[in-house]
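To keep things clear, I will list the structure first and then write my remarks on it.
Letters A, B, ... are given to chains in the order of the sequence lines, protein chains preceding strands, and every chain is numbered from 1.
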Protein chains: 2
Amino acid sequence: MNDKRHIPLDGEKAAPLSEGERPTLKTIAFMAGLGVTTVSRALKDAPEIGQATKNRVQLIARQIGYRPNRAGVRLRTGKTNVISLVLNSQSEIMGLTSNLVYGISEILAETPYHLIVTPYSPENDPMQPIRYIFETGSADGIIMSQTEPSDPRVRYLTDHNFPFATHGRTRMGIEHPFHDFDNEAYAYAAVKSLAERGRRRIAMVAGPSPAHTYYWHLDDGFRRGLQESGAAAVPLDHWNGTLSLTDVRNLTEIFMREPNPPDGIICCTGGLAVAVVAGIEATGLKLGRDVDLVSKQTTNFLQWFRPEVIVYNEDIRHAGRELARAVLRRIEGVDPTQLQSLSYPEADQGERIGISSR
Amino acid sequence: MNDKRHIPLDGEKAAPLSEGERPTLKTIAFMAGLGVTTVSRALKDAPEIGQATKNRVQLIARQIGYRPNRAGVRLRTGKTNVISLVLNSQSEIMGLTSNLVYGISEILAETPYHLIVTPYSPENDPMQPIRYIFETGSADGIIMSQTEPSDPRVRYLTDHNFPFATHGRTRMGIEHPFHDFDNEAYAYAAVKSLAERGRRRIAMVAGPSPAHTYYWHLDDGFRRGLQESGAAAVPLDHWNGTLSLTDVRNLTEIFMREPNPPDGIICCTGGLAVAVVAGIEATGLKLGRDVDLVSKQTTNFLQWFRPEVIVYNEDIRHAGRELARAVLRRIEGVDPTQLQSLSYPEADQGERIGISSR
DNA sequence: ATAATTTTCTGTAACGTTTCAGATTATATC
DNA sequence: GATATAATCTGAAACGTTACAGAAAATTAT
């Protein structure tokens with residue numbers, strides 16, 4: 001079979017005398033005595049290239065450490081091999097950004113994709129980075145967080161058929177890839193664990209964001225839990241959307257001094273829990289005795305802070321992995337309904353590891 | 001002057017009938033009745049283009065929302081307009097990654113640069129991502145952390161004259177751009193504040209990384225502080241390099257139970273402080289009474305944890321900004337010695353804001 | 001008015017890749 | 001042995017940009 005090599009005559013093709021230069025298809029073509037087209041196809045295992053040739057070309061490519069020029073591919077095909085992570089640079093739940101980044105990177109590391117991080121400050125329009133990426137075609141897919149029940153970004157990208165995945169769900173009748181923590185299940189479990197401890201008057205500090213979808217899931221789970229356990233909800237009025245932790249602490253203090261304070265509180269982030277604990281303790285009440293606190297955390301630290309806090313963990317790194325897988329598969333054309341996943345609250349085992357000290 | 005427009009004849013040039021397509025130089029050239037070369041130059045204010053033409057071209061470009069195609073520029077010029085942030089995905093000091101990213105992004109937002117994040121897992125060779133970026137030319141500059149006193153990455157990039165900036169200094173006789181927190185000043189200030197409170201036997205938990213440069217700076221400041229204040233160092237033997245926080249807690253407990261325990265401890269990260277406090281309290285000793293603790297933190301949370309801890313802040317977002325500015329200027333050819341900066345410990349004001357609750 | 005000079009503009013080529021439409025060679029068919 | 005068919009391979013063109021060398025027009029000098 002095709003054993004005769006095509007020996008190139010001297011000067012038949014411009015010899016790429018590239019010493020130290022990065023090898024290109026031309027380099028390989030020259031070395032193999034083939035055309036660049038053939039090489040290009042051989043490297044991607046095209047069926048119209050002979051097996052022997054493919055092996056030969058691939059061997060050469062491997063030997064000289066050929067790596068396709070991203071700009072060349074991108075210019076010709078429009079494929080960027082980039083995933084863009086778009087997030088709000090303000091609202092940092094402890095370790096959220098880093099773990100998302102690391103989780104996504106774990107998946108992308110085995111692909112040709114690079115990860116571009118595109119933060120936007122809260123005073124800017126959240127649509128702006130989205131439009132930019134779409135209009136300039138600077139990524140093949142987008143991962144975004146801070147999802148809202150009716151999210152214009154989701155509408156825009158869906159309308160334009162641009163691959164994306166959201167951290168969090170929407171409620172707008174559009175099927176799209178997402179990964180979400182099951183906050184309904186969390187709030188439900190939280191109520192149950194309080195009820196188990198005999199707590200009957202329960203309040204939930206759901207974070208200052210009824211704008212975000214998770215608020216409603218929490219609320220659903222909260223209600224379901226109350227219903228089943230027969231405990232009463234203690235409403236937190238006037239806790240508007242833009243509270244600092246200090247505000248939360250002070251409000252908690254006022255709140256706990258009112259007649260009939262709650263004996264169980266549910267927090268949706270570790271940050272809130274810290275502030276709420278400070279407020280509780282300012283009134284002289286004692287955690288675990290007078291009042292129990294359940295909190296979700298994304299980084300193992302509440303146990304160090306107050307071991308009495310009942311903790312559920314949300315694994316953000318896992319979310320990052322799921323989101324990365326989802327966009328990649330969406331880019332491949334997989335149906336959005338196949339790319340929706342939830343993760344569930346993990347009751348903390350009380351292990352005191354996790355905040356890396358390095 | 002030059003008022004006569006060059007009116008293109010019908011069909012003189014291939015009319016780019018691009019409806020909905022992204023505008024390119026060709027589009028503008030067609031609209032302006034000019035050559036693409038002229039347009040290209042007009043957009044970058046080249047001196048050989050008439051002022052009137054420049055204005056006209058720039059107006060058109062603005063109107064139709066022209067944005068240069070990154071792949072085109074990159075292929076032609078080799079300029080990627082990308083900065084790569086290379087970091088260890090394991091060693092996460094609270095909020096370090098996110099704040100670095102946000103700080104860098106703040107600066108890059110006003111430039112054409114994008115930020116690619118390239119984490120590497122600790123089991124991989126730290127040189128690998130560096131080589132990849134250099135060999136594939138996938139960025140114009142690198143920002144990296146986890147700097148070591150004799151850092152092979154610094155040597156490699158310097159040898160290859162590739163722009164970079166490090167978070168942390170080296171001690172290898174190479175002048176390179178860096179930004180660093182003045183750990184010497186911090187350790188010194190920490191000793192002084194302990195001495196002020198009458199503490200005489202001081203130990204330092206400098207983190208498990210004598211491999212990293214900052215360890216030595218801490219040590220320098222520690223010694224200087226002791227010398228000036230006449231306090232004694234309590235050595236921490238057998239605290240080897242890979243301790244979990246639980247290990248730290250347990251070691252602290254053992255340590256504090258030995259005869260003549262320290263009455264002042266200095267921690268170099270908030271994570272360590274948490275574990276050390278837990279160890280101290282396990283022995284029944286009381287913070288602020290029996291022993292004082294000074295810690296550095298990169299996120300406001302120690303005050304919430306134990307208000308007794310004496311806190312100094314390290315502003316990582318600021319570090320990100322400085323590092324971004326440094327690489328950018330290095331890319332422009334500015335001398336490395338001009339691109340070295342330090343930031344100084346800020347004694348905490350005790351404000352209880354900073355952990356965003358959103 | 002003509003030549004010399006400056007100013008302003010232009011087409012071509014190249015960066016590295018893939019797609020298209022063929023071209024060449026080998027193999028099978030009659 | 002000629003022809004059809006399949007299997008391999010190929011050059012040219014294009015993606016959008018910039019560098020180069022040069023052309024055309026306007027201005028100045030003679």
*Whether B:Arg70 side chain and B:Pro112 backbone form a donor-acceptor pair below 3.5 Å*: yes

_Rounded to whole Å, please give me the gap between CD1 in B:Ile28 and P in D:dG16._
12 Å

*Rounded to the nearest Å, what distance is computed from the CD1 atom of residue B:Ile49 to the P atom of nucleotide D:dA19?*
13 Å

*Side chain of B:Thr53: nearest nucleotide among D:dT8, D:dC20, C:dC9?*
C:dC9

*asked:* Between the opening five pairs and the closing five pairs of the helix from C:dA1-D:dT30 to C:dC30-D:dG1, how far apart are the helix axes, to 10°?
replied: 50°

_Nearest-Å distance for atom pair CG/P, residues B:Asp45 and D:dT18_ = 14 Å

*Where each residue is assigned the nucleotide of DNA chain D containing its nearest heavy atom, which of B:Arg41 and B:Arg70 is assigned the position nearer the 5′ end?*
B:Arg70

*Would you call the rings of B:Tyr156 and B:His160 parallel, tilted or perpendicular if under 30° counts as parallel and over 60° as perpendicular?*
tilted

*asked:* Reading DNA chain C from 5' onward, which residue's closest nucleotide shows up sooner: A:Leu75 or B:Lys54?
replied: B:Lys54

*Tell me whether the OP1 or OP2 atom of C:dT18 has a side-chain N or O from A:Ser40 closer than 4.0 Å.*
yes

*With the side chain of A:Leu25 defined as its heavy atoms from C-beta on, choose the nearest nucleotide among C:dG11, D:dT18, C:dT18.*
C:dT18

*Rounded to the nearest Å, what distance is computed from the CZ atom of residue A:Phe30 to the C1' atom of nucleotide D:dT10?*
18 Å

*Pairwise distance OH(B:Tyr132) to CE(B:Met127) - rounded to 0.5 angstrom*: 15.5 Å

*asked:* Side chains of A:Thr80 and A:Asp140 only: does a donor on one sit below 3.5 Å from an acceptor on the other?
replied: yes

*A:Thr97 and B:Tyr102: side-chain donor and acceptor closer than 3.5 Å?*
yes

*Has B:Thr38 got a side-chain N or O lying under 4.0 Å from the OP1 or OP2 atom of C:dT10?*
yes

*Considering only side-chain heavy atoms of B:Thr24, which listed nucleotide, C:dC20, D:dT17, C:dG11, is closest?*
D:dT17

*Distance from A:Leu100 atom CG to A:Arg321 atom CZ, nearest 0.5 Å?*
11.5 Å

_Among D:dA12, D:dC9, D:dC15, which nucleotide has an atom closest to any side-chain atom of A:Arg76?_
D:dC15

*Would you kindly give the NZ-to-C1' distance between B:Lys26 and C:dT12, to the nearest whole Å?*
14 Å

*In whole angstrom, what separates B:Gln51's CD from C:dC9's P?*
11 Å

_Nearest 0.5 angstrom please: A:Arg56 CZ to A:Ile60 CD1, how far?_
6.0 Å

*A:Thr77 has a side chain; which of C:dT18, C:dC9, D:dC9 sits nearest to it?*
C:dT18

*Out of C:dT18, C:dC9, C:dT17, which nucleotide sits closest to the side chain of A:Asn69?*
C:dT17

*Look at the rings of A:His179 and A:His167 and say which category their plane angle falls in: under 30° parallel, 30 to 60° tilted, over 60° perpendicular.*
parallel

_Protein-nucleotide distance (B:Glu21, atom CD; D:dA14, atom P), rounded to Å_ = 16 Å

_OP1 or OP2 of D:dT18 under 4.0 Å from side-chain N/O of B:Lys44_ = yes

*Rounded to the nearest angstrom, tell me the gap between atom CZ in A:Arg56 and atom C1' in D:dC9.*
12 Å

*Proximity to the side chain of A:Tyr66 - top-ranked nucleotide from D:dG11, C:dT17, D:dC9*: C:dT17

